[in-house]
Asks: 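Pasting in a structure now, in structure tokens, and then I'll have a few things to ask.
Whatever order the structure lists ligands and atoms in, that order sets their numbers, starting from 1. Just the heavy atoms: all of them, side chains too, but no hydrogens, waters or symmetry mates, feed the values below.
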Amino acid sequence: MPEEGILAFKNARIITPMRVIDNGVLIVRQGKIFDVGSEDKVKISQEGEVIDVAGRYLAPGFIDIHLHGGGGADAMDATEEAMERISAVHAKGGTTSLVLTTLTAPMKKITEAVKVIESVKGKRLSGAEVLGAHIEGPYFSMEQRGAQNPKFLKEPEPEEYMKLLNESDCILRVSAAPELRGGLELGRELKRRKILASIGHTNATYQDILAAIEAGYTHVTHIYSGMSGVRRVNGYRISGVIESTLLLDELTTEIIADGHHLPPSLMRLVVKAKGLDKVSLVTDATRAAGLGPGRYSVGGLETIVEDEVTEGFEISTEKGNYVVKLLTREAFAGSAALMNRCVRNMVRLVGLSIQDAVKMASINPAKLIGVDEKKGSLTKGKDADLVVFDEQVNIMMTVVGGRVVYKREKLG
Ligand SMILES: [Zn+2]
Ligand SMILES: [Zn+2]
């Protein structure tokens, strides 16, 4: 997908994200970053287009390793048109790479979705590039199912998941509850295949998590959502998945930073306990992302999207920052956020620098799925996946493989 054209960005505050370069210049050639540095060091040649970003930020495009849909489409729709719509809407939020996530469903349906994800993987779409698939379910705990359809939950069966893993070449990540019968065996198989083994929708104890790490699990899916905390048995306290994640350096995790799932204090607690390198931001977006309020079906469950500003919450959330809930309003069912909102929340609600918030949406997730050699930072030779935004993280321009896929307005 390399683009022949030469693009030069100038007058940019470049977030690499290891450092910030003021008055920065970045040159794109044939879809790759050809050069990057301060304007006195990097020469802009006569050929190609020059884009003056007028002092705004230029950062690595965001990498979302956990999202289901957007723009009215869901990965489970299993059509190329659905993937195309998801790609387009998330590019508006500054996302350049997607790991499309399936939901708990009959294995036949999951396999169909994975086949279509594979067919669009690495292809030129109208927005973000699809890197591969994240299998979220069906191997989950009934108690911690959240919005996963209980009808199809089950224990991991090798003959079933081996078939899925053997038939597809695009699975980057699997979330499962390791305490289920067969859960550790699944973890070992994922590790053997270099697929990110992620602990999710789980009622595990601390002891279960230690065994899971030994088996090969390294990541924890949306911390605080769909997992156990401290429980008491005969008066004794037993640590759950939350405490294990915060405590154990062996584990990385991800935050649904839509401003609803976790209050600022919990987001801050996660960052404080895990550090800036072990937390990634995810949207966990549903088909409602990029749409207005209404009712939508997610994995066979009815959900409602509304503009909720919760009384008694730590913050009053911004208007237009919609929540997605089951119709009963008992639980969230994914989010309606695009990634720029998540980055903004980490700055506005958690108090991170823009540089650190960007890191959690770029190089950190890139490392988790093993694409950091070509994506995740603004480094010579990497893919020209870029995003331009202002102080409030409003996206001005999104560039995928050197190609402008979204532009909000005049930059000058
Ligand atoms: Zn989930
Ligand atoms: Zn999810």
Asks: Distance alone, cut at 3.5 Å: any donor-acceptor contact between the side chains of Thr283 and Asp64?
Replies: yes
Asks: Does any donor atom in the side chain of Lys382 or Ser377 lie under 3.5 Å from an acceptor atom in the other side chain?
Replies: yes
Asks: Can you confirm whether the side chains of His90 and Thr95 place a donor and an acceptor under 3.5 Å from each other?
Replies: no
Asks: Could you grab the angle centred on the Zn ion (ligand 1), going from NE2 in His222 to NE2 in His201, to 10°?
Replies: 100°
Asks: Have a look at Asp284 and say which of its N, O or S atoms is nearest the Zn ion (ligand 2).
Replies: OD1
Asks: When you check the side-chain N and O atoms of Asp284 and His66, is any donor under 3.5 Å from an acceptor?
Replies: yes
Asks: Indicate if the distance from the Zn ion (ligand 1) to the nearest N, O or S atom of Glu136 falls below 2.8 Å.
Replies: yes
Asks: Looking only at N, O or S atoms, find the one in His68 nearest to the Zn ion (ligand 2) and name it.
Replies: NE2
Asks: How about His66: does one of its N, O or S atoms come closer than 2.8 Å to the Zn ion (ligand 1)?
Replies: no
Asks: When rounded to the nearest 0.5 angstrom, what is the spacing between CZ in Phe389 and CZ in Arg344?
Replies: 11.0 Å
